[in-house]
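Both counts, for ligands and for their atoms, begin at 1 and track the order of listing.
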Amino acid sequence: MNLKSHLIFTLYTVYGILLKVMASKGKVRGISGQYPLVQNVTVTEGGTANMTCRVEYNDNTSLQWSNPAQQTLFFGDKKALRDNRIELVRASWAELTISISDVTLSDEGMYTCSLFTMPVRTAKAYLTVLGVPQKPEIDGFTKPAVEGDHITLTCMTHGSKPAADLRWFRNEKEVKGAKEVNASGKTFTVRSSLQLHVDRNDDGVAYTCKVDHVALTQTPQQATEVLEVHYAPRVEIVHSPAVPQEGQYLKLECVSKGNPSPDPVMWTKDGSELPDLDRMIVEGRDLTFTSLNKTDNGTYRCEATNHLGTSSAEYILYVYDPNALGQHGTDHALIGGVVAVVVFVTLCLIIVLGRYLARHKGTYLTNEAKGADDAPDADTAIINAEGNHAHAEEKKEYFI
Ligand SMILES: *[C@@H]1O[C@H](CO)[C@@H](O)[C@H](O)[C@H]1NC(C)=O
Ligand SMILES: *[C@@H]1O[C@H](CO)[C@@H](O)[C@H](O)[C@H]1NC(C)=O
Ligand SMILES: *[C@@H]1O[C@H](CO)[C@@H](O)[C@H](O)[C@H]1NC(C)=O
Ligand SMILES: *[C@@H]1O[C@H](CO)[C@@H](O)[C@H](O)[C@H]1NC(C)=O
Ligand SMILES: *[C@@H]1O[C@H](CO)[C@@H](O)[C@H](O)[C@H]1NC(C)=O
Ligand SMILES: *[C@@H]1O[C@H](CO)[C@@H](O)[C@H](O)[C@H]1NC(C)=O
């Protein structure tokens, strides 16, 4: 027992005696209404916790805070425990607030506020300390992976309390992992693994492991790895124009996908080397014919290789005679033209007919309205109906 605790003990004893004396003289009233009021506190590791104890009615009785080990921290405004992290925030007859800064997991526990009435009344507040999960780490990356491999990615984070949650994302889209939680001391180690059967679509895909935890409010803890997948080439031939004609230009493009990139590609014709390198130009992956000739008919093949394999594609060239094609073309053009003309004429007819009908109907209505209704006899009606504005005067004369 140190000096301060001793002092406090003595004070308490003295105070107790005093209270007894006062009570016996009937001077202390309303003691039964005096209760310290506290609240549970939750704080993140490294943060500051304010422990507040309040009394609604108090006759200057002292308040005291003690820690889970029953050590007195503050008695009124007097500090009792030597710990620089513990400071007085406010001490009055109605309140005793202390702060504990740089909180560690070992600060967690039940704190007691005592009001030194007779008998002593206490209130208990639980201080919960949240363990901040460490930045996660991803393991199990074989770089590069080969298509067909089975790999297991593991994400691990230490130090969370309560246990953190780990979530996996494949290019921002959530995927399900298998979680495992182990306690180590007061905190938890959380591990989540993801089994992958790697294929070419995984090449360049980012796998992210995110930590979800109450103690992480702003900075999200996450780790990302980008998968690199090696795979055998796959080629296909893209050609333009669609109909190769004699004398024209033709481009065959050997589109090959593979990782590592299969470069260069090899072109052959009917199983042997290209026969005419003056007109058949190989540039990168492309084979270009400057001027097609019927003798170019044949099977062209492009082949791409990387260390994982070889792939090839074939294109059968059939050089059309431009004259034969031309006639065909004319026929099509002729039919097209005739159809267009027929459609055009039909449209015109419809429009003309429509206009005629509309105008005719309008005229008919106008003639009826021009005054035939109020004409006293047929003559007048005819005159009125014929009438333009100039006849309006004459019309009056007839009436009078
Ligand atoms: C603790 O109390 C002090 C003084 O009222 C205040 O400035 C501080 O923000 C409080 N801290 C917490 C963590 O509530
Ligand atoms: C508390 O003590 C102060 C000063 O010692 C005194 O002025 C006040 O009247 C006391 N309050 C009560 C309720 O006894
Ligand atoms: C405070 O925490 C303790 C221990 O966790 C719990 O038993 C009690 O119900 C809590 N009190 C309040 C007011 O939440
Ligand atoms: C958890 O504990 C088991 C058994 O001790 C162990 O095999 C496993 O590797 C541990 N997991 C983690 C994430 O530490
Ligand atoms: C095609 O090749 C033959 C023989 O090489 C040549 O005589 C002919 O002129 C060529 N035709 C065209 C359109 O280039
Ligand atoms: C190439 O194909 C065209 C179209 O069938 C044909 O007219 C021509 O004779 C062929 N030329 C050769 C050399 O086979």
Side-chain angles (χ1 to χ4, degrees), residues 35-56 63 65-70 73-74 76-77 79 81 83-115 121-132 161-163 183 186-188 214-218 241 243-252 269-270 272-281 287-298 300 317-327 329:
Y35 282 101
L37 300 169
V38 296
Q39 272 182 334
N40 286 346
V41 176
T42 298
V43 66
T44 300
E45 203 179 0
T48 301
N50 280 355
M51 308 292 297
T52 298
C53 181
R54 286 201 176 87
V55 204
E56 265 185 70
L63 286 164
W65 268 116
S66 57
N67 67 12
Q70 313 291 327
L73 303 176
F74 267 92
D77 58 1
K79 190 168 180 171
L81 189 75
D83 186 337
N84 292 336
R85 301 179 306 130
I86 301 170
E87 283 171 45
L88 182 69
V89 175
R90 214 170 294 116
S92 70
W93 64 266
E95 178 183 339
L96 177 60
T97 299
I98 60 168
S99 74
I100 308 169
S101 55
D102 210 359
V103 169
T104 66
L105 291 165
S106 56
D107 289 323
E108 180 167 282
M110 200 65 94
Y111 286 69
T112 310
C113 175
S114 307
L115 177 67
R121 298 194 194 274
T122 61
K124 300 204 177 280
Y126 198 84
L127 175 64
T128 305
V129 182
L130 303 175
V132 183
K161 177 179 165 299
K186 289 193 169 189
T187 65
F188 297 91
V214 278
L216 299 175
T217 45
Q218 280 150 11
V243 182
Q245 298 175 41
E246 187 163 34
Q248 277 195 346
Y249 159 97
L250 172 72
K251 181 170 164 186
L252 299 180
K269 183 194 176 191
D270 298 326
S272 34
E273 283 181 22
L274 296 176
D276 186 350
L277 289 174
D278 285 339
R279 287 185 311 109
M280 302 174 182
I281 298 159
L287 169 59
T288 312
F289 296 78
T290 51
S291 170
L292 283 172
N293 191 308
K294 277 186 181 168
T295 56
D296 294 335
N297 284 4
Y300 290 83
L317 176 60
Y318 179 96
V319 180
Y320 289 85
D321 183 339
N323 299 322
L325 268 178
Q327 261 172 5

Sub-4.5 Å side-chain heavy-atom contact between [X] and [Y]:
| X | Y | value |
| --- | --- | --- |
| F289 | L252 | yes |
| E246 | N293 | yes |
| P162 | L130 | yes |
| L250 | L317 | yes |

Contact (N/O only, under 3.5 Å) between N40 and ligand 3: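 Right, the criterion is met.
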
To the nearest 0.5 Å, what is the distance between CG (L63) and CZ (R54)? 11.5 Å

For [atom], grab the closest protein heavy atom and report residue, atom and distance to one decimal in Å.
| atom | result |
| --- | --- |
| atom 13 (C) of ligand 1 | T48 O, 3.2 Å |
| atom 4 (C) of ligand 5 | N293 ND2, 4.4 Å |
| atom 5 (O) of ligand 1 | R90 NH2, 3.2 Å |
| atom 2 (O) of ligand 1 | N50 ND2, 2.2 Å |

Which bit of K294 gets closer than 4.0 Å to ligand 5, counting heavy atoms only: side chain, backbone, both or neither?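 No part of K294 comes within reach of ligand 5.
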
Determine whether the side chain, the backbone, both or neither of V89 has a heavy atom under 4.0 Å from any heavy atom of ligand 1.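 Answer for V89: side chain.
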
Under-4.0 Å protein heavy-atom contact, atom 7 (O) of ligand 1: no

Contact bool for atom 11 (N) of ligand 1 (protein heavy atom, d < 4.0 Å):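 So atom 11 (N) of ligand 1 has protein heavy-atom neighbours under 4.0 Å.
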
Around atom CG of N84, are there more than 12 heavy atoms from other residues, nucleotides or ligands closer than 6.0 Å? no

State which residue, out of V38, L81, T97, fulfils the side-chain contact (heavy atoms from CB on, under 4.5 Å) condition with W65. V38

